[in-house]
Undergrad: 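The structure's right below; bear with me while I get my questions together.
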Amino acid sequence: MTSKPFKTLEGKVALVTGASSGIGRATAIELARRGAKVVASARRSSELMALVDEIKSEGFEATAVVADINVEQDVIELVDTTVSTYGRIDIAFNNAGTEGEFTPFIDQTTEIYDQIFNANVRGVFWSMKYQAKMMLAQGSGTIINNASMGGVIGFANAGLYIASKHAVLGLTKTASIELFKQGIRVNAVNPGIIDTPFQDRIWPSSEAKDDFAASTVPGRAGVAREVAATVAFLASDDSSFVSGHGLLIDGGYSIA
């Protein structure tokens with residue numbers, strides 16, 4: 001039986017991008033269960049509405065906003081809608097992104113580069129920029145970016161994806177230095193292999209995915225709620241002295 005989470009985020013307003021599935025979906029639910037009013041955003045309307053209905057069925061508050069982080073005006077309007085709906089924005093989890101296409105380095109193309117960097121770097125930059133502007137106006141807030149274990153180590157055939165996640169950590173560290181004294185903390189989570197649709201897409205077979213999961217210290221893949229709970233910690237006052245950090249959630253893979 002799963003215990004109920006503490007209301008560590010009661011009264012807070014949280015924005016989650018890429019909320020229609022996987023880690024984003026689990027995080028939207030987790031933040032709501034911990035007391036936050038959640039604005040869940042993604043491109044897929046039906047999945048978003050199902051998520052919001054689930055959150056509301058548990059007695060919590062949530063709003064769906066269809067938006068594409070590849071479109072700057074969508075990002076601006078997403079932040080504006082969050083504030084016009086709930087009056088502020090205390091927590092932002094920038095989860096939306098793409099894996100692009102995993103191929104050998106010499107076969108990567110400009111089109112794949114643009115696809116990955118537009119979503120994973122430019123979209124995160126835009127999101128952080130407009131979220132931080134709003135948080136500066138209210139004098140507080142916390143931003144958490146979804147980077148990757150691949151932001152601190154490398155993998156063959158994933159050069160552009162890996163580079164994009166290193167860039168997310170660079171944005172995280174720089175923004176933290178600039179914003180911490182002004183009441184805004186900026187951190188990242190670095191998931192390893194987590195059992196989500198993302199992992200199903202990047203592996204050539206379920207056997208290859210299972211073999212990689214077995215190579216972690218506990219010998220299994222993580223689950224989305226384990227990442228969501230970590231995001232909730234970084235969003236809460238329990239992490240008040242943590243900023244500029246990329247927290248690994250990888251079952252010890254990167255150190256083993």
Side-chain angles (χ1 to χ4, degrees), residues 4-5 7-99 118-120 122-135 138 141-146 189 191 194-198 200-201 223-225 227-232 234-236:
K4 293 182 178 180
K7 298 292 186 180
T8 53
L9 304 175
E10 194 134 36
K12 303 289 188 181
V13 176
L15 167 59
V16 179
T17 69
S20 59
S21 67
I23 290 171
R25 191 179 197 282
T27 300
I29 293 170
E30 185 73 15
L31 299 183
R33 287 174 175 169
R34 293 182 186 237
K37 299 172 182 178
V38 174
V39 173
S41 180
R43 294 181 295 180
R44 296 181 291 180
S45 176
S46 59
E47 288 87 346
L48 275 182
M49 294 311 303
L51 166 64
V52 167
D53 287 345
E54 181 176 342
I55 291 172
K56 288 182 175 179
S57 73
E58 295 188 19
F60 306 116
E61 191 164 351
T63 298
V65 179
V66 176
D68 184 352
I69 63 163
N70 288 290
V71 180
E72 185 174 14
Q73 189 59 37
D74 275 20
V75 176
I76 294 170
E77 291 176 2
L78 173 58
V79 172
D80 288 347
T81 299
T82 302
V83 176
S84 64
T85 302
Y86 293 120
R88 58 189 295 113
I89 175 169
D90 301 294
I91 301 156
F93 179 44
N94 296 315
N95 170 71
T98 183
E99 71 276 11
N118 287 351
N120 293 3
R122 190 181 67 179
V124 171
F125 159 67
W126 281 339
S127 298
M128 293 172 67
K129 174 181 176 178
Y130 294 109
Q131 293 157 2
K133 282 188 173 184
M134 195 59 64
M135 291 175 179
Q138 66 194 27
T142 179
I143 296 171
I144 303 113
N145 298 319
N146 193 356
V189 289
I194 307 296
D195 192 11
T196 64
F198 169 86
D200 294 335
R201 291 193 301 268
V223 297
R225 190 182 178 278
V227 181
T230 306
V231 174
L234 291 173
S236 75

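Numbering of residues begins at 1 and proceeds along the displayed sequence.
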Undergrad: Are Thr63 and Val52 side-chain neighbours, meaning at least one heavy-atom pair lies under 4.5 Å?
TA: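 Thr63 vs Val52: side chains apart.
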
Undergrad: Closest approach of Ile55 and Ala62, non-hydrogen atoms and distance?
TA: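 Reported closest heavy-atom pair: CG2-CB, 3.7 Å.
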
Undergrad: Show your reasoning for whether side-chain contact (heavy atoms from CB on, under 4.5 Å) applies to Thr81 and Val39.
TA: CA-CA 9 Å; Thr81 299; Val39 173; 5.9 Å; no

Undergrad: Show, in sequence, the C-alpha distance, side-chain angles and deciding distance for Phe93 and Val189, and conclude whether the side-chain contact (heavy atoms from CB on, under 4.5 Å) test is met.
TA: CA-CA 10 Å; Phe93 179 44; Val189 289; 4.0 Å; yes

Undergrad: Determine the minimum heavy-atom distance between Ala224 and Gly22, stating which atoms define it.
TA: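 Closest approach of Ala224 to Gly22, heavy atoms only: CB-O, 3.9 Å.
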
Undergrad: Do the non-hydrogen side-chain atoms of Asp90 and Gln138 ever get within less than 4.5 Å of each other?
TA: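 Yes, side chains in contact.
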
Undergrad: Mark yes or no for whether Thr17, through its side chain, and Ala96, through its backbone, hold a donor-acceptor pair below 3.5 Å.
TA: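 Pair found, side chain donor or acceptor close to backbone of Ala96.
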
Undergrad: For residues Arg34 and Ser236, is any side-chain donor paired with an opposing acceptor at under 3.5 Å?
TA: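 The answer is no; no qualifying pair exists.
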
Undergrad: Do you know the tightest heavy-atom contact between Ser20 and Leu48?
TA: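 Closest approach of Ser20 to Leu48, heavy atoms only: N-CD2, 4.3 Å.
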
Undergrad: To the nearest 0.5 Å, tell me how far Thr8 OG1 sits from Leu31 CG.
TA: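 That separation rounds to 8.5 Å.
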
Undergrad: Within this structure, what is the CG-CH2 distance for the pair Asn94 and Trp126, rounded to the nearest 0.5 Å?
TA: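 The CG atom of Asn94 sits 13.5 Å away from the CH2 atom of Trp126.
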
Undergrad: Spell out, as yes or no, whether a donor-acceptor pair under 3.5 Å connects the side chain of Thr142 to the backbone of Ala235.
TA: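 Side chain of Thr142 to backbone of Ala235: no pair is present.
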
Undergrad: When Leu15 is tested against each of Ile143, Leu78, Ile91 for side-chain contact (heavy atoms from CB on, under 4.5 Å), which residue passes?
TA: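 With Leu15 as partner, Ile143, Leu78, Ile91 yield a single side-chain contact (heavy atoms from CB on, under 4.5 Å), made by Leu78.
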
Undergrad: Which heavy atom of Gly141 sits nearest a heavy atom of Met135, and at what distance?
TA: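 So the minimum-distance heavy-atom pair works out to CA-SD, 3.7 Å.
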
Undergrad: Between CD1 of Ile89 and CD of Gln131, what distance do you get to the nearest 0.5 Å?
TA: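 One gets 5.0 Å once the value is rounded to the nearest 0.5 Å.
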
Undergrad: Could you tell me which non-hydrogen atom of Ala42 sits nearest to which non-hydrogen atom of Ala19, and how far apart they are?
TA: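 Smallest interatomic distance, heavy atoms only, reads CB-N, 3.9 Å.
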
Undergrad: Within this structure, what is the NZ-CD1 distance for the pair Lys133 and Ile76, rounded to the nearest 0.5 Å?
TA: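 One finds 8.0 Å between NZ of Lys133 and CD1 of Ile76.
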
Undergrad: When you measure from the side chain of Asn120 to the backbone N and O of Thr98, does any donor-acceptor pair fall under 3.5 Å?
TA: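 Yes, the answer is positive, given that a donor and an acceptor are paired below the 3.5 Å cut-off.
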
Undergrad: Using side-chain hydrogen bond (donor to acceptor under 3.5 Å, both in side chains) as the criterion, list what pairs up with Asp74, not counting sequence neighbours.
TA: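 Not a single residue meets the side-chain hydrogen bond (donor to acceptor under 3.5 Å, both in side chains) criterion with Asp74.
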
Undergrad: With sequence neighbours excluded, what pairs up with Glu77 under the salt bridge (charged side-chain N to carboxylate O under 4.0 Å, His left out) test?
TA: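 Glu77 satisfies salt bridge (charged side-chain N to carboxylate O under 4.0 Å, His left out) with no other residue.
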
Undergrad: If every non-hydrogen atom of Met49 is compared with every non-hydrogen atom of Ala64, which pair is closest and at what distance?
TA: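 The answer is SD-CB, 3.7 Å.
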
Undergrad: Do Asn118 side-chain atoms and Asn70 backbone N/O form a donor-acceptor pair below 3.5 Å?
TA: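 Flag not set: sc Asn118 to bb Asn70 has no pair under 3.5 Å.
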
Undergrad: Given Lys129 and Val75, is the side-chain contact (heavy atoms from CB on, under 4.5 Å) satisfied, shown in steps?
TA: CA-CA 10 Å; Lys129 174 181 176 178; Val75 176; over 6 Å; no

Undergrad: Could you grab the distance from atom NZ of Lys37 to atom CZ of Arg88, nearest 0.5 Å is fine?
TA: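 Here the interatomic distance stands at 10.5 Å.
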
Undergrad: Any donor and acceptor pair, going by atom type alone, linking the side chain of Lys7 with main-chain N or O of Ala36 inside 3.5 Å?
TA: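 The answer is no, because no donor-acceptor pair under 3.5 Å joins these two groups.
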
Undergrad: Between atom CZ of Arg25 and atom OG1 of Thr27, what is the distance when rounded to the nearest 0.5 Å?
TA: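 The CZ atom of Arg25 sits 11.5 Å away from the OG1 atom of Thr27.
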
